[in-house]
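To start, the structure itself, in structure tokens.
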Amino acid sequence: MASNINVDSSPAFAHIPPWVKAKLRPIAIEKIQQVYDWVETEIIPAERIFKAQIKDKRWQNPPIVHELRKKAKAQGLWNLFLPNHFEESPGLTNLEYSCCAEIMGRVYWAPHTMNCHAPETGNIELLAKFCNTEQKKKWLHPLMNGDFSSAYSMTEPDVASSDATQIGIKMEITDKEVIINGRKLYGNCKYNDEVQVFILMGCSDPTNPNPWNRHTTLIVPSNTPGFKQIRNLTIMGYDCAPEGHGEYIYENVRVPKENIILGPGRAFEIAQGRLGPGRIHHCMRLIGQAERAYELALVRCIEPRKKPRGKFIGEFDSNIERIADMRMTIDAMRLVVLNAADTMDLQGNKAGRYAIAQSKIMVPNALLKVIDEAMQMYGGQGLTQHTPLPEMWTYARFVRVADGPDSAHRHQVGRDQMKTAKDIRARAEEYTRRYKELCKKWGQEPEEFWGIV
Ligand SMILES: Cc1cc2nc3c(=O)[nH]c(=O)nc-3n(C[C@H](O)[C@H](O)[C@H](O)COP(=O)(O)OP(=O)(O)OC[C@H]3O[C@@H](n4cnc5c(N)ncnc54)[C@H](O)[C@@H]3O)c2cc1C
């Protein structure tokens with residue numbers, strides 16, 4: 001059935017490029033409009049209510065979030081991220097979800113109201129992809145229902161975790177159970193009692209000659225004896241309540257063997273399935289953060305109380321150019337993200353690896369610059385809680401590291417590109433050979449400096 005919504009006039013679609021609009025199905029058009037209305041009317045006006053409610057009770061999701069989650073679920077604004085090739089999916093493609101995720105990304109906690117937040121989206125996709133029927137019943141369905149929430153735990157303080165073959169937490173697999181000993185860094189904070197399960201990657205077969213078969217992924221309930229949180233990690237000074245980031249110790253933690261996902265030694269298959277979607281979802285949401293920073297900059301441009309030398313700050317040429325740069329940077333970032341989402345839809349997550357890495361490397365870096373410029377336009381207030389800009393900057397900065405540092409992705413992209421050098425050099429040699437033939441034909445002496453090879 002066609003949608004009554006006009007994608008050429010509704011502000012919900014204002015930033016969606018024509019090639020994407022042409023691909024949106026009626027169900028997606030309806031959802032994008034709904035998400036837009038949700039964020040405009042329910043979330044942005046409530047930002048300061050959210051802050052006030054978590055002021056004293058740092059590690060509980062505030063009442064407003066509980067209420068909004070119920071309401072969003074009743075309206076079908078729920079789990080929109082899970083792509084339509086999963087039977088549990090509400091029906092959107094990655095590309096269509098990207099348009100929704102950008103809008104919800106305008107406010108950091110808005111995705112939570114729709115069960116579309118990190119790390120839940122990546123975790124749910126992981127469980128939908130790799131769990132057996134029993135595990136789905138026990139873990140996936142309650143997570144999708146929003147009954148509790150989950151953490152993903154791979155990073156460790158004692159190794160370079162960007163090289164996941166080094167992950168060392170010990171998992172001893174017996175007939176009935178897995179016994180875990182070691183330390184972990186990151187994974188959402190257990191102080192928040194809604195975080196009830198940890199998806200843990202550990203080393204179960206350290207002497208296996210194939211380093212890609214040494215690791216296992218399993219589900220650890222948060223209340224398992226011996227699994228303790230040492231502290232909450234602050235991120236650039238923020239405690240990131242009410243989600244937080246923990247530092248953990250496992251001392252003889254015993255988990256039933258049936259909590260192993262996919263089978264012992266198969267953690268790398270799972271990590272690849274988990275991290276691709278997780279990364280791109282962050283980037284989708286960051287475009288929304290960029291639009292928000294840009295809008296704040298425009299608001300400041302015509303702020304009547306702030307007129308240095310009697311002029312609006314938007315009347316200074318430097319700021320006019322700044323606005324132009326911000327606009328063009330955001331539009332370019334969006335194309336990179338939408339291309340990654342479309343590639344995932346058309347060719348699968350594995351084939352989309354380059355496009356996902358491209359987003360992961362380019363988007364947070366570009367966004368840092370956009371937010372930085374917006375801060376500059378706000379002067380002293382831009383660096384304080386008078387604006388959301390410092391928290392937005394911190395989010396962009398942490399995505400440079402979370403789900404794998406961008407340096408590691410650049411290294412991977414560069415290594416893959418180096419493999420193309422041989423063919424490209426062969427083409428360059430062919431140009432020179434052909435040039436020499438043309439020289440003969442036209443009676444010219446070949447110029448040596450012209451030949452690169
Ligand atoms: C806010 C936040 C939330 C996070 N949430 C989670 C979570 O929920 N679960 C979880 O498990 N982890 C989480 N992390 C951890 C994150 O995924 C790791 O910090 C990251 O993967 C890097 O691992 P590491 O810290 O061990 O750094 P290392 O592996 O020691 O790397 C350090 C640095 O070395 C350089 N480097 C590494 N590899 C290469 C390379 N191939 N080429 C060039 N340079 C390289 C990079 O500059 C890199 O930043 C989170 C991190 C942050 C900041």
Side-chain angles (χ1 to χ4, degrees), residues 108-109 111-112 117-126 149-169 180 182-192 195 197-203 215-220 222 227 229 231-250 267-268 270-279 281-283 285-286 289 353 356-357 360-361 364-365 367-368 390-418:
Y108 183 79
W109 53 271
H112 198 116
H117 53 296
E120 220 78 299
T121 63
N123 289 350
I124 287 179
E125 194 157 336
L126 178 161
S149 138
S150 63
Y152 184 70
S153 183
M154 183 167 153
T155 304
E156 294 179 5
D158 303 313
V159 297
S161 308
S162 57
D163 170 6
T165 60
Q166 296 188 18
I167 296 301
I169 196 170
I180 312 158
R183 296 207 291 162
K184 284 282 181 188
L185 209 58
Y186 287 105
N188 289 33
C189 193
K190 248 176 36 147
Y191 300 158
N192 182 326
V195 181
V197 289
F198 278 65
I199 300 177
L200 183 78
M201 180 174 176
C203 187
H215 294 82
T216 296
T217 298
L218 89 159
I219 295 174
V220 182
S222 306
F227 173 28
Q229 179 165 347
R231 59 174 70 85
N232 180 58
L233 299 167
T234 57
I235 306 296
M236 322 270 309
Y238 291 108
D239 67 4
C240 301
E243 65 188 50
H245 304 276
E247 184 177 339
Y248 300 100
I249 189 154
Y250 288 73
F268 276 94
I270 297 168
Q272 281 321 312
R274 159 73 178 72
L275 294 170
R279 284 171 190 144
H281 293 161
H282 269 308
C283 292
R285 292 187 290 261
L286 288 184
Q289 294 270 294
R353 199 178 68 155
I356 296 172
K360 160 84 184 159
I361 295 161
N365 275 300
L367 173 56
L368 283 169
E391 282 175 281
M392 292 165 77
W393 193 92
T394 303
Y395 178 28
R397 185 65 188 83
F398 93 54
V399 180
R400 282 198 59 202
V401 174
D403 288 344
D406 55 13
S407 336
H409 292 278
R410 264 204 299 274
H411 185 212
Q412 182 65 51
V413 169
R415 269 190 358 214
D416 288 348
Q417 289 303 304
M418 286 298 176

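Just the heavy atoms: all of them, side chains too, but no hydrogens, waters or symmetry mates, feed the values below. In listed order, ligands and their atoms are each counted from 1.
- Residues R285 and Y108 are not in side-chain contact: their nearest non-hydrogen atoms beyond the backbone lie 4.5 Å or more apart.
- In terms of protein heavy-atom proximity, atom 40 (C) of ligand 1 is closest to A408 CA, 3.6 Å.
- Taking atom 23 (O) of ligand 1 as the reference point, the nearest protein heavy-atom neighbour is S162 N, 3.6 Å.
- Residues P119 and N188 form a side-chain contact, since some pair of their non-hydrogen atoms from C-beta on lies under 4.5 Å apart.
- The shortest heavy-atom distance from P119 to ligand 1 is not under 4.0 Å.
- Atoms of ligand 1 found under 4.0 Å from any heavy atom of M154, numbered from 1 in the order shown, are 10 (C), 11 (O).
- Within the 4.5 Å cutoff, no side-chain heavy atoms of I199 are placed close to those of R274.
- The contact set between ligand 1 and I235, taken as ligand atoms under 4.0 Å from a residue heavy atom, comprises 1 (C).
- Closest approach of K190 to S222, counting heavy atoms only: NZ-O, 2.8 Å.
- For atom 29 (O) of ligand 1, a protein heavy-atom neighbour is present inside the 4.0 Å cut-off.
- Taking OH of Y248 as the start and OG1 of T155 as the end, the distance is 12.0 Å to the nearest 0.5 Å.
- A 4.5 Å side-chain heavy-atom check between Y395 and H282 finds at least one atom pair inside the cut-off.
- In this structure the side chain of M154 never reaches within 4.5 angstrom of the side chain of S161, judged on heavy atoms.
- For atom 12 (N) of ligand 1, the nearest non-hydrogen atom of the protein is T155 OG1, 2.7 Å.
- Taking a 4.0 Å cut-off on heavy atoms, V159 registers as neighbouring ligand 1.
- Side chains of S149 and V195 form a contact here, defined as non-hydrogen atoms less than 4.5 Å apart.
- The parts of V401 lying near ligand 1 are both backbone and side chain, judged by heavy-atom distances below 4.0 Å.
- Contacts between R410 and ligand 1, counted as non-hydrogen atom pairs separated by less than 4.0 Å, are absent for every part of the residue.
- Within the 4.5 Å cutoff, no side-chain heavy atoms of Y152 are placed close to those of D403.
- The aromatic rings of F227 and F198 sit perpendicular to each other, their planes meeting at more than 60°, with 30° as the lower class boundary.
- Atoms of ligand 1 found under 4.0 Å from any heavy atom of G187, numbered from 1 in the order shown, are 7 (C), 8 (O), 9 (N).
- Listed by number with element, the atoms of ligand 1 under 4.0 angstrom from any heavy atom of F398 are 1 (C), 2 (C).
- When all heavy atoms of N365 and I361 are compared, the pair lying nearest together is ND2-O, 3.0 Å.
- Between E156 and ligand 1, no N or O atom pair is found at a separation short of 3.5 Å.
- Looking at ligand 1, you won't find any N or O of Y186 less than 3.5 Å from one of its N or O atoms.
- Between P242 and W109 the shortest side-chain heavy-atom distance does not fall below 4.5 Å.
- Contacts with ligand 1 closer than 4.0 Å are made by side-chain heavy atoms of H411 only, the backbone lying farther away.
- Summary of contacts: the protein heavy atom closest to atom 47 (O) of ligand 1 is S407 OG, 3.0 Å.
- Taking atom 24 (P) of ligand 1 as the reference point, the nearest protein heavy-atom neighbour is S161 N, 4.0 Å.
- Heavy-atom contacts of Y152 reach the following atoms of ligand 1: 7 (C), 8 (O), 9 (N), 10 (C), 11 (O) (cutoff under 4.0 Å).
- Against a heavy-atom cut-off of under 4.0 Å, D403 is close to the following atoms of ligand 1: 17 (O).
- Remark: minimum distance from atom 49 (O) of ligand 1 to any protein heavy atom is reached at P405 CB, 3.3 Å.
- Atom 32 (C) of ligand 1 is not flagged as protein-proximal [any protein heavy atom, distance under 4.0 Å].
- How far CG of D158 is from CZ of R183: 4.5 Å, rounded to the nearest 0.5 Å.
- Under the 3.5 Å distance criterion, with hydrogens and angles disregarded, a donor-acceptor pair is assigned to the side chains of S150 and E120.
- When non-hydrogen atoms are compared, ligand 1 lies under 4.0 Å from the backbone of S153 (N, CA, C, O) but not from its side chain.
- Close contacts between ligand 1 and G404 involve ligand atoms 17 (O), 21 (O) [criterion: under 4.0 Å to a heavy atom].
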